[in-house]
Amino acid sequence: MERKVRVRFAPSPTGPLHIGGVRTALFNYLYARRMGGEMVLRIEDTDSKRFVPGAEDYICEALDWLGIHFDEGVKQGGPHGPYRQSERRDIYRRYVKQLLDDGKAYIAFDTPEELEAARQATPNFQYDAATRVNMRNSITLGDEETQRLVDAGETYVVRFKIEPDRDVEVNDLLRGKVVINSNILDDKVLYKSADDLPTYHLANIVDDHLMEITHVIRGEEWLPSAPLHVLLYEAFGWADTRPDFVHLPLLLKPDGKGKLSKRDGDRLGFPVFPLDWHDPKTGELSKGYREAGYLPEAVVNFLALLGWNPGDDTEIMSMDELISRFGFDRCSRSGAKFDYEKGKWFNHKYLQELSDSQLADLFKPVLADAGVDIGRFSDDYIAKAVGMVKGRINFVKDLLSQAGFFFTAPDSYAPKDIKKRWSEDTPRIMGELIEVLRGLPSWKSADAEPVVLGWITDNGYHMGNVMNAFRLAVVGECKGPHMFDITELMGPDETISRIERAIERIKPGE
RNA sequence: GGCGAUUUAGUGUAGAGGCCUAGCACGCCGCCCUCUCACGGCGGAAACUCGGGUUCGAAUCCCGAAUUCGCUACCA
């Protein structure tokens, strides 16, 4: 019987969700939707030492912002709950007991110090079939003594009894059959009595089974422990419903070596988190894509193409298009260096698809923050200003430097441009320009342009110098959209007053 | 060190024996457009890790080496 596809995203709430984690969540989501399946969000908070308050809410908010929605999980509940591992203690205890009763696991009392000593004594110490007979555990101590110690309240762990010298096969949908000999596996700790919590490995297998997960899609860092998981499914007698594995390639640093980390973002100046994160302990702020000005669609599109491609040259794809085309047959197996420049380009493309008024709405708060009284400008004015410069922006905030002059007259002028375009007799020519402008029958760009250009050529003036001085006076520097489009929008009063202002304030360059 | 994975331009990738004088995109450079800066259009530089095979023919198949990454915790 074909089981309904069910996948899960299972982050650990130890801090803000990393962008690599976001991609893992995205691939899970795309696959689930593609297959008409379901996706659950499970919180793996089995490490009480690393738990960070707020991290869970952050994860939910971030994925929600990106449009990655869950069918079941910690926020929406569901028939397989609870979805927080710390609330499933009784379940894990039951399965730990089952393993113990079946002789598939044993209790060990070795203290961290004793383990450390063992590692010191033996170069490549590994707690396994060969060494467990020399340690303090239920195998060497016997059932009676073990029970006595447990009853006496001694802290212990439960270790998985790995059967030596077995070739364990992991069938990975991306990498094919990976075979690992069980001799290199150690007797992993499954449960710690100290905090009455399982470790990742046990909780993961139990939950995936109970939650009827069909596909475990996770980062490549889990590949080495996949054989252990396979063995665990066997030990529980769940081999027939064991999920398929997909180990996704990692996101790497743009330069140098290794996994992309928070430090790289700080060092290279880009976010590695979806949302801003204020660390509750250090008070430190980590920048997020949302606050940096990214559209969630752009982030999703960008991330989807890191390690996957649709098979043709299509690059801009909505979530629905990604879903309809996604598959592991087109995933790459090697790590992808994170290319922030390409990410900016995606945002640029998505910004271009917004209408002028949509962009204007996004721009208004930025303008207001910059101290502009936006009440003085009509929505139509803002939208038109935005429309003229949108082609040159990667972020909404870029609008400030590109279109700011539409809202505030320049209070300084680019020295470079003064030097090049503002000479001794420029003020006189600008004075003439004002008269020409005043005599204009129409301020429409198409009407005004031939008149002004005609005046320039008729007087034998230098086209570039006059027009750029004009631009310098109005914009503050020699950049921006077509000059007469600017003046049409700004209107005669503002335009002429800016020229007068410039004549007063600019000292000619040498 | 051990184990596993990985390997096409600076980056992300296409390519599944002849269609490859290796395609696309970002980035970079140049030209055009032009009152400026951009956008856009056009063009350019830039890659099959190496060594052996197999084959009439290999980026594509086989073997070996190297590379890079990951794992090697009472973290996930």
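To find a chain, count down the sequence lines: A is the first, B the second, and so on, and within it residues start at 1.
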Give me the distance, rounded to whole Å, that separates [N] from [M] when you measure between the [atom1] atoms they each carry.
N: B:G1; M: B:G57; atom1: C1'; answer: 44 Å
N: B:C42; M: B:G51; atom1: C1'; answer: 42 Å
N: B:A9; M: B:C26; atom1: C1'; answer: 12 Å
N: B:G44; M: B:C63; atom1: C1'; answer: 40 Å
N: B:A66; M: B:U6; atom1: C1'; answer: 13 Å
N: B:G18; M: B:A58; atom1: C1'; answer: 9 Å
N: B:A76; M: B:G17; atom1: P; answer: 45 Å
N: B:A22; M: B:A16; atom1: C1'; answer: 15 Å

Taking the six-membered ring where the residue is Trp, are the ring centres of A:Tyr58 and A:Trp277 under 6.0 Å apart?
yes
Check: A:Phe302 ring centre within less than 6.0 Å of A:Trp345 ring centre
no
Quick one: which protein N/O atoms are closer than 3.5 Å to N/O atoms of nucleotides 59-67 of chain B? Pair and distance per line, please.
none

Before you tell me yes or no, could you show the steps for A:Asp196 and A:Tyr92 under side chain to side chain donor-acceptor pair (under 3.5 Å), namely the whole-Å CA-CA distance, both residues' side-chain angles and the distance that decides it to 0.1 Å?
CA-CA 9 Å; A:Asp196 184 30; A:Tyr92 304 127; over 6 Å; no
Answer with yes or no whether A:Arg333 presents, from its side chain, a donor or acceptor under 3.5 Å of a partner atom in the base of B:U6.
no
Between [X] and [Y], which heavy-atom pair has the shortest distance, and what is it?
X: A:Tyr350; Y: A:Ser318; result: OH-N, 4.1 Å
X: A:Phe395; Y: A:Ala292; result: CD2-O, 3.6 Å
X: A:Arg132; Y: A:Ile139; result: CD-CD1, 3.7 Å
X: A:Tyr233; Y: A:Asp208; result: OH-CB, 3.5 Å
X: A:Ile162; Y: A:Ser182; result: CG2-O, 3.7 Å

For [Y], is there any backbone N or O sitting under 3.5 Å from a side-chain donor or acceptor partner on [X]?
X: A:Asn183; Y: A:Asp165; answer: yes
X: A:Tyr289; Y: A:Pro271; answer: yes
X: A:Arg50; Y: A:Thr14; answer: no
X: A:Asn301; Y: A:Glu315; answer: yes

Which one, B:G70, B:G27, B:A5, comes nearest to the side chain of A:Lys259?
B:G70
Using a strict 4.0 Å threshold on nitrogen-to-oxygen distance, state whether [X] and [Y] make a salt bridge.
X: A:Asp417; Y: A:Lys420; answer: no
X: A:Asp264; Y: A:Lys337; answer: no
X: A:Asp255; Y: A:Arg267; answer: yes
X: A:Lys349; Y: A:Glu353; answer: no

Without decimals, in angstroms, what is the distance between [X] [atom1] and [N] [atom2]?
X: A:Arg471; N: B:U34; atom1: CZ; atom2: C1'; value: 10 Å
X: A:Arg175; N: B:C3; atom1: CZ; atom2: P; value: 19 Å
X: A:Trp345; N: B:U13; atom1: CH2; atom2: P; value: 15 Å
X: A:Asp255; N: B:G12; atom1: CG; atom2: C1'; value: 16 Å
X: A:Leu223; N: B:U68; atom1: CG; atom2: P; value: 20 Å
X: A:Ile180; N: B:A5; atom1: CD1; atom2: P; value: 7 Å
X: A:Ile316; N: B:G12; atom1: CD1; atom2: C1'; value: 13 Å
X: A:Asp128; N: B:U72; atom1: CG; atom2: C1'; value: 13 Å

In terms of the nearest nucleotide of RNA chain B, which residue is placed more toward the 5' end: A:Met483 or A:Asp339?
A:Asp339
On RNA chain B, more 5' by nearest nucleotide between A:Lys342 and A:Lys177 is A:Lys177
Roughly how far apart are A:Leu210 CG and A:Tyr95 OH, rounded to 0.5 Å?
4.5 Å
Hey, could you give me the CZ/CG distance between A:Phe346 and A:Asn394, rounded to the nearest 0.5 Å?
13.0 Å
Would A:Phe270 and A:Phe338 count as a ring-ring contact (aromatic ring centres under 6.0 Å, His included) if you check the C-alpha gap in whole Å, the side-chain angles of each, and the deciding distance to 0.1 Å?
CA-CA 11 Å; A:Phe270 61 79; A:Phe338 192 78; 5.3 Å; yes
Under 3.5 Å, N/O pairs linking protein and nucleotides 73-76 of chain B:
residue: B:C74; atom: OP2; partner: A:Arg159; partner atom: NH2; Å: 3.4
residue: B:C74; atom: N4; partner: A:Asp110; partner atom: O; Å: 2.4
residue: B:C75; atom: O2'; partner: A:Asp47; partner atom: OD2; Å: 2.8
residue: B:C75; atom: O2'; partner: A:Arg50; partner atom: NE; Å: 3.2
residue: B:C75; atom: O2'; partner: A:Arg50; partner atom: NH2; Å: 3.0
residue: B:C75; atom: O2; partner: A:Arg50; partner atom: NH2; Å: 3.2
residue: B:A76; atom: OP1; partner: A:Thr46; partner atom: OG1; Å: 2.9
residue: B:A76; atom: OP2; partner: A:Tyr200; partner atom: N; Å: 3.2
residue: B:A76; atom: O3'; partner: A:Glu44; partner atom: OE1; Å: 3.1

Using nucleotides 37-41 of chain B, report all nitrogen or oxygen pairs with the protein that are shorter than 3.5 Å.
residue: B:C37; atom: O4'; partner: A:Cys478; partner atom: O; Å: 3.4
residue: B:C37; atom: O2; partner: A:Arg392; partner atom: NH1; Å: 2.0
residue: B:C37; atom: O2; partner: A:Gly480; partner atom: N; Å: 3.1
residue: B:C37; atom: N3; partner: A:Arg392; partner atom: NH1; Å: 3.4
residue: B:C37; atom: N3; partner: A:Gly480; partner atom: O; Å: 3.1
residue: B:A38; atom: N3; partner: A:Arg392; partner atom: NH2; Å: 3.1

Base, sugar-phosphate or nothing for [X]? Non-hydrogen atoms, less than 4.0 Å.
X: A:Arg218; answer: nothing
X: A:Gly307; answer: sugar-phosphate
X: A:Gly219; answer: nothing

Does A:Arg330 make a cation-pi contact with A:Phe326, if we ask for NZ or CZ under 6.0 Å from the ring centre and within 45° of the axis?
no
By the Watson-Crick or G-U definition, both distances under 3.5 Å, B:A5 is matched with B:U68
Does any donor atom in the side chain of A:Thr199 or A:Lys188 lie under 3.5 Å from an acceptor atom in the other side chain?
no
I'd like a table of atom pairs between the protein and nucleotides 28-30 of chain B - only N or O on both sides, under 3.5 Å - with the distance next to each one.
none

Residue-phosphate contact under 4.0 Å: A:Asn309 side-chain N/O, B:U13 OP1/OP2
no
Under 3.5 Å, which protein N or O atoms sit close to an N or O of nucleotides 21-24 of chain B? Give each pair with its distance.
none

With the criterion being N/O to N/O and under 3.5 Å, what pairs connect the protein with nucleotides 43-46 of chain B, and how long is each?
none

